[in-house]
Amino acid sequence: MNFLDDLNPQQRKVATTTEGPILVLAGAGSGKTRSIIYRTAYLINVKHINYYNILVVTFTNKAARELKDRLERSFNISAYSLWIGTFHSVCTRILREEQEFLPFTANFSIFDDVDQKSIYKKIYKKLNIDPKDFPQRRVASLISNQKNSLILPKDFFDFNEENYFTETTYKIYKEYQKFLLENNALDFDDLLMYTAILLHDNKVLRKKYADRFKYVMIDEYQDTNYAQFKIINLIAKEHQNLCVVGDDDQAIYSWRGANIRNILNFEKDYKNVLTVKLEQNYRSPKSILDAANCLIKNNSERHPKELWTDITSKEKPKLIKLENEKQEAEFIAEMVSQLTSSGTSLNDCLILYRTNAQSRVFENAFYQHKLKYQIVGGVNFYQRKEIKDIVAYLRILVNPQDTNSFIRIINFPPRKIGKVTTERIERFAEDNNMTLFDAVQNEISTLNGKTVQTVMEFGKLLKKWKNLSLEIPITPLVKKIIDELKLIDIYDDSDDPKDIARAENLKEFVTATQEFSDNFEYDTEKAPMLTDFLQSISLQTDMDNVDEDIETVKLMTMHNAKGLEFDHVFIVGVEDGLLPHSRSIDDVEKFEEERRLLYVAITRAKKSVHLTYTRMRQVFGSISMAIPSRFLMEIDNDLIEIENNRYYDLMAPRPKRRNINKKPVVTENQKYFKIGQKIYHSKFGKGIVLNVDGTGKEAKLSISFSGGQLKKIIGTFVTMGEK
DNA sequence: AGATGCCGGATTTTT
DNA sequence: TCCGGCATCT
């Protein structure tokens, strides 16, 4: 078979060594996805292995989809019958299949951290715990660690010493798990934990999955945690046909329980491991790679390797100092707009920052420059209020035990069922040992005359939709629910720009159901129903919602950039306290992880890298002096180019900004009007700015007035503020 | 029941 | 700076 000629010798070794354990140490851009694809194709097309016997685990849904697409396009392998997915999606699939061995049913809900937060709140109240003494974040993180280490509440003190913090955490953990089971719900960690425990405790099932998945491949192995290690180990221990691919230099998820030792110790965990190193980089020029290598070699614990490349370019990574974060954003926007005017697509530009909070100034700057942008991550689409509301309705129809969702929507949109009534319904449900869903089907005598009817009407409504959900596909169902609840109308009628965005998001949601349906029908030739849709969305990330059809600059955290590549990469806020983050500075392991994060960021670039830092930065509303990241000192001087003309010295008068763009110099005036600004007009009264077209006070404003009118007015005719 | 307004705490990163 | 939670008022 000559399709293997596309690979270099090491990659070919990976693709063709199908039996026994392989560790592939694949540097950034060394073609590891390619190796996995060719290996899969080799298994199927050459070795004639049944589709059914192959399991491929990726780090994101997006990576899984790309893998499937490429297998289909290049090798005509229909990916539908292949198990390719993230750990979480694979586990979900297994758990739904094996409900008879589990303490929950196949239609369980998956709770995200918004749900999680409200559960914790409830438990704190019930157990009378003060969140000030036991910060929810800290407790949740400890509990999450337990789950990732497969420690159930009953085993808690076998692994944790007893002190005032763990005592309480234990109580919360126990209560939390109880609540989830009562709701027939699992959180992200549970998906892994229950799967691992299931395979561990049940010999028959273990054999079933070991027999089914005769060939297992894991991508991004450096970022697996103990539960994930265990799941794979239980499946592959016998046949040992396991290929793991990863790069210890790109391990950036230890805070999520990922254990870098999984990859460092692979050779000890399995026998006669074949180790293959992929060190040729096909992505970045030498000038960029040299800087990255120079940085990462400062880490102590790593598999020794050095990336090299054939690609040459004179362009070294550039380092630019700016006055503050606004100037930083402004500078980047100018750079991007310069690139686009010389023919570069916005799609080839990537902005990377350490924390989501940094994205805001860039939004403003890109908006001003009329550059289309997309923020990936931050608040996930499915975590937005309006989306969670409609999803809560959908969840209840599938899983009536989901009281969390039930409470969320019992009075949304407002139907005059308040706190007192809700409590009475809950009491009634408890007394009669039924779900809230069933409770509201009854005439509850403890309620007031009118309220009884309201509640029953609500119950009937849910019942009606539940029946409907079994008959009609997801899209018409969602349309009908949104319609009957007038969800979009609620927001459309408002003059708050946030509400207008909400209305847009709901429409977007309907589109999402349609897209899902199209794919689902294509893949399975079945009608896309509610349960299918719900299963697909709970594990979706923002990355999966990136619209590839519009040209946009992408903005994301460095964590989100894993596995991606772009021509031009701008890494911003390269300052001590931000990168390395202040919370990681005094712990060696965390500190090295920060270094890897910068390494990942730099190695995304195919053509150019710009690193920026500021002289001072606003944090929490107060301004503080910024210190250039200590990582910058680790990169040899001759590997990086410093742009001096943008260096604003503390004492020196601020140099005039070089006009690198055809557009006029940006003045403060340009930021005079902002979206959401409250204004006053002598004739129309109070209003809110919905859009700003142009610069300064003369900008053309789209204004929504409190009287209901929507007008376009020149800025000079209105005053800022309410009067 | 719903609207308004004040206070206090939060920012690391995500499936 | 902003957001959410809570108290208070209508």
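Note that this is a predicted model, so its numbers are computed, not measured. Quick note: numbers below take in every heavy atom, side chains included, and nothing from hydrogens, waters or symmetry partners. Proteins come first, then strands; the chains are lettered A, B, ... in the order of their sequence lines, and each starts at number 1.
- Q358(A) and T355(A) share a side-chain donor-acceptor pair at under 3.5 Å.
- A cation-pi arrangement, defined by a distance under 6.0 Å to the six-membered ring centre and an angle within 45 degrees of its axis, is present between K562(A) and F59(A).
- As rounded to whole Å, 14 Å separates atom P of dG8(B) from atom CG of D130(A).
- A salt bridge is defined here as a Lys NZ or Arg NE, NH1 or NH2 lying under 4.0 Å from an Asp or Glu carboxylate O, and K62(A) with E66(A) meets this definition.
- Applying the side chain to side chain donor-acceptor pair (under 3.5 Å) test to T422(A) and every residue at least two apart in sequence or in another chain returns nothing.
- When rounded to the nearest whole Å, the span between CG of L555(A) and P of dT13(B) equals 15 Å.
- A search for side-chain contact (heavy atoms from CB on, under 4.5 Å) contacts involving R583(A) returns H581(A), not counting sequence neighbours.
- Here the shortest heavy-atom pairing between T169(A) and I143(A) reads CG2-CG1, 3.8 Å.
- Residues passing the side-chain contact (heavy atoms from CB on, under 4.5 Å) test with N107(A) are T105(A), N184(A), V398(A), sequence neighbours excluded.
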For a salt bridge (charged side-chain N to carboxylate O under 4.0 Å, His left out) check, start with the C-alpha distance between R65(A) and D69(A), then their side-chain angles and the critical distance, and finish with the verdict. CA-CA 6 Å; R65(A) 208 175 49 227; D69(A) 281 353; 5.2 Å; no
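- Separating the CG atom of N145(A) from the C1' atom of dT14(B) is a distance of 14 Å, rounded to the nearest angstrom.
- Protein atom CG of L191(A) is 14 Å distant from nucleotide atom C1' of dT14(B), rounded to whole Å.
- For the pair H88(A) NE2 and dT15(B) C1', the interatomic distance rounds to 4 Å; values are reported in whole Å.
- Residue Y253(A) is in sugar-phosphate contact alone, with no base atom involved, counting any heavy-atom pair closer than 4.0 Å across all strands shown.
- Closest-nucleotide positions on DNA chain B for D113(A) and T421(A) were compared, and the one nearer the 5' end corresponds to T421(A).
- Q383(A) contributes no side-chain N or O that, together with a main-chain N or O of V114(A), makes up a donor-acceptor pair within less than 3.5 Å.
- Remark: C1' of dA10(B) and NZ of K132(A) are 14 Å apart, rounded to the nearest angstrom.
- Residue whose closest nucleotide on DNA chain B sits further toward the 5' end, between D189(A) and R354(A): R354(A).
- Contacts of F533(A) classified as ring pair (Phe, Tyr, Trp, His ring centres under 6.0 Å), with partners at least two apart in sequence or in another chain: F509(A), F516(A).
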Distance-only donor-acceptor pairs under 3.5 Å for side chains of residues 120-138 of chain A, two or more places apart:
| residue | atom | partner | partner atom | Å |
| --- | --- | --- | --- | --- |
| Y124(A) | OH | F134(A) | O | 2.7 |
| K126(A) | NZ | E175(A) | OE2 | 2.6 |
| D130(A) | OD1 | K132(A) | N | 2.9 |

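- In this structure, W255(A) counts as stacked on the base of dT13(B) under the 5.5 Å centre distance and 30° plane angle limits.
- Listed by chain and number, the residues in a side chain to side chain donor-acceptor pair (under 3.5 Å) with E575(A) are T614(A), R617(A) (sequence neighbours excluded).
- Contacts between residues 581-591 of chain A and DNA chain B, counted as heavy-atom distances below 4.0 Å, involve H581(A), R583(A), K590(A).
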Sugar-phosphate means primed atoms, P, OP1 and OP2; the rest is base. With that split, encode nucleotides 1-8 of chain C 5' to 3' as B, S or - using protein heavy atoms under 4.0 Å. B-S-----
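- Here K388(A) pairs with D112(A), D115(A) under the side chain to side chain donor-acceptor pair (under 3.5 Å) rule; sequence neighbours left out.
- For E325(A) and Q327(A), the side-chain atoms include no donor-acceptor pair closer than 3.5 Å.
- Between the side chain of R256(A) and the base of dT13(B), no donor-acceptor pair under 3.5 Å is found.
- Applying the salt bridge (Lys or Arg N to Asp or Glu O under 4.0 Å) test to pairs two or more places apart or on separate chains, those with a residue in residues 589-604 of chain A are R261(A)-E589(A), R354(A)-E594(A), E593(A)-R596(A), R595(A)-E634(A).
- Rounded to whole Å, atom P of dG9(B) lies 15 Å from atom CD of Q136(A).
- Residue contacts for D112(A): at a heavy-atom cut-off of 4.0 Å it reaches no nucleic acid atom on any strand shown.
- Counting only heavy atoms from C-beta on, R137(A) has its side chain closest to dT11(B) among dT14(B), dG9(B), dT11(B).
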Would you tabulate the pairs of protein nitrogen or oxygen atoms and nucleotide nitrogen or oxygen atoms of nucleotides 2-6 of chain B closer than 3.5 angstrom?
| residue | atom | partner | partner atom | Å |
| --- | --- | --- | --- | --- |
| dG2(B) | OP2 | N411(A) | ND2 | 2.9 |

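- For N356(A), taking side-chain heavy atoms from C-beta onward, the closest of the listed nucleotides dT15(B), dT14(B), dA1(B) is dT14(B).
- Near DNA chain B, meaning a heavy atom under 4.0 Å away, there are no residues from residues 58-65 of chain A.
- We find that CG of D223(A) is positioned 16 Å from P of dT13(B), with the value rounded to whole Å.
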